[in-house]
Trainee: 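Quick one: this structure, given as structure tokens, is what I'll be asking you about.
We count ligands from 1, going down the list as the structure has it; atoms in each ligand are counted the same way. Remember, predicted model here, so these are calculated numbers, not experimental data. Throughout, numbering of the chain's residues begins at 1 and tracks the sequence.
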Amino acid sequence: MAKLIGGLGTSHVPSIAAAIDKGLAGTDAWKPFFDGYVPAKEWIARAKPDIAVVIFNDHGNSFFLDRVPTFAVGCAEEYRPVDEGWGPRPIPPFEGAADFSWHLIDTLVDSRFDPMICQEIEVDHGLQVPLELFFGRPEAWPVRVVPIFVNVIQYPIPLPSRCYEMGRVLRQAIESWPGDERVVVIGTGGLSHQLQGSRAGFVNPEADRAFLKDIATDPDRLAAMSRERYVEMFGSEGAELMMWLVMRGAMDRDVVVRHTHYFVPASMTGAGMIVMENAATAEEADPVAPSPGPEAPATDPEVQAA
Ligand code: DHB
Ligand code: FE
């Protein structure tokens, strides 16, 4: 049986990678953002996962709007970072965990989830940036990856509750896998942002802080919210946050929060991060992380902590 050792969530804003590429991570503008990831990087260096299951959305790079799978799972031996138009990035390719990917696909189909199966695909900033945030810039990535693509781009996007259920099946796949790999699940995207339309530039820090709290303590409430409510609360691209529910659904009801961080704005986004372990099998004795910034009352009772 493989072991789920942590559930992580992070924004995947592409300018984070551009800041690293251009040597700007230590500047006044970016340092407070990157400083917040230092404890998470230390946590993952100690935790030593073998496999990272990364839940993210493609942004018109590997799938365009003419063909968008609701859910897709990569089962390749390797995933190259896609060139998003600024030229090839100076990061290594991502080694796949094709054997575990096929087992995950089997488990999903057995559970009446029917994902698209991708034996060859490139991955964009949705996967690249989280790996860079948690692992830095190694010569080779220290984990094998399993990419799970979720359509949060073109309506009809899946229900948040469906994403949460998919996480439960992902957990079953981890626990029915005969290997002894250590697995982290990383939900990516969000937090609040809207990149287009009349609300372009919209961010909602209060709702973001409430989400960072509730994803640990009250995920059922977040899973019960409608898609439209995600768009209203977090912006059209902030609906990416429902992908964190896949990660959360893979975890136990009771979790220990190790680290959180919130920074707004990173580019046009309220950028957040969380590191959780299942309370029953937590491996670290560290104190619980402080809450993400000053307590702010949520503007919406639906996302307000109980
Ligand atoms: C931005 C954020 C995203 O999540 C994304 O996919 C693209 C751009 C931004 O804030 O610039
Ligand atoms: Fe995005």
Trainee: Of all N/O/S atoms in His59, which lies nearest to the Fe ion (ligand 2)?
Mentor: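 Of the nitrogen, oxygen and sulfur atoms in His59, the Fe ion (ligand 2) lies nearest to NE2.
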Trainee: Any chance you could measure Ser11, atom OG, to Asp208, atom CG, to the nearest 0.5 Å?
Mentor: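 Here the rounded value is 8.0 Å.
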Trainee: Would Glu240 count as a contact for the Fe ion (ligand 2), in the sense that one of its N, O or S atoms lies under 2.8 Å from it?
Mentor: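 Within the cut-off used here (under 2.8 Å), Glu240 does place an N, O or S atom near the Fe ion (ligand 2).
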Trainee: Around atom 7 (C) of ligand 1, find the nearest protein heavy atom and jot down its residue, atom name and distance.
Mentor: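 For this ligand atom, the closest protein heavy atom is Pro14 CD, 3.3 Å.
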Trainee: Kindly identify the option in Glu237, His193, Glu240 whose heavy atom sits closest to atom 3 (C) of ligand 1.
Mentor: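 Looking at heavy atoms only, His193 sits closest to atom 3 (C) of ligand 1.
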Trainee: When you look for heavy atoms under 4.0 Å from ligand 1, do you find them on the side chain of Ser15, its backbone, both, or neither?
Mentor: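 Within the 4.0 Å criterion, Ser15 makes no contact with ligand 1.
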Trainee: From the options Ala271, Gly201, Ser267, select the one whose nearest heavy atom is closest to atom 9 (C) of ligand 1.
Mentor: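 Answer by nearest heavy atom: Ser267.
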Trainee: Examine Ile91 and Tyr79 and state if one hydrophobic cluster contains both, with Ile, Leu, Val, Met, Phe, Trp and Tyr joined whenever side-chain heavy atoms are less than 4.5 Å apart.
Mentor: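 Yes, it is one cluster - the side chains of Ile91 and Tyr79 are joined through contacts under 4.5 Å.
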Trainee: Using a heavy-atom cut-off of under 4.0 Å, does the side chain or the backbone of Met268 touch ligand 1, or both, or neither?
Mentor: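 Both of them.
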Trainee: Which atoms of ligand 1 sit under 4.0 Å from any heavy atom of His12?
Mentor: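 Answer, ordered by atom number: 4 (O), 6 (O).
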Trainee: Just checking: His12, one of its N/O/S atoms, less than 2.8 Å away from the Fe ion (ligand 2), yes or no?
Mentor: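 Looking at His12, which is the residue asked about, there is an N, O or S atom under 2.8 Å from the Fe ion (ligand 2).
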Trainee: Can you list the ligand 1 atoms lying under 4.0 Å from a non-hydrogen atom of His125?
Mentor: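 Once the distances to His125 are compared, the set is 5 (C), 6 (O), 7 (C).
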Trainee: Do the numbers put Arg67 on top of the ring of Phe63, so that NZ or CZ is under 6.0 Å from the six-membered ring centre and no more than 45° off the axis?
Mentor: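 No, Arg67 does not sit over the ring of Phe63.
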Trainee: Pairing donors with acceptors under 3.5 angstrom, does anything connect the side chains of Glu240 and His12?
Mentor: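 On atom types as modelled, these side chains qualify, holding a pair under 3.5 Å.
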Trainee: Quick one: does any side-chain atom of Asn204 pair with a main-chain N or O of Met233 as donor and acceptor, under 3.5 Å?
Mentor: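 Answer holds: yes.
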Trainee: May I ask you to check whether His125 brings an N, O or S atom to under 2.8 Å from the Fe ion (ligand 2)?
Mentor: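 No, since none of the N, O or S atoms of His125 sits under 2.8 Å from the Fe ion (ligand 2).
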Trainee: Looking at CE of Met225 and CG of Asp220, how far apart are the two atoms once the value is rounded to the nearest 0.5 Å?
Mentor: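 Interatomic distance, Met225 CE to Asp220 CG, rounded to 0.5 Å: 13.5 Å.
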Trainee: Less than 4.5 Å apart, side chain to side chain, heavy atoms only: is that true for Val68 and Ile153?
Mentor: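 Side-chain contact under 4.5 Å: no.
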Trainee: Please identify which of these residues, Glu283, Glu277, Glu175, meets the salt bridge (charged side-chain N to carboxylate O under 4.0 Å, His left out) condition with Lys3.
Mentor: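 Looking at Glu283, Glu277, Glu175, the match for Lys3 under the salt bridge (charged side-chain N to carboxylate O under 4.0 Å, His left out) is Glu283.
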Trainee: How far is atom 10 (O) of ligand 1 from its nearest protein heavy atom, and which residue and atom name does that atom have?
Mentor: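 Going atom by atom, the protein heavy atom closest to atom 10 (O) of ligand 1 ends up being Thr269 OG1, 2.6 Å.
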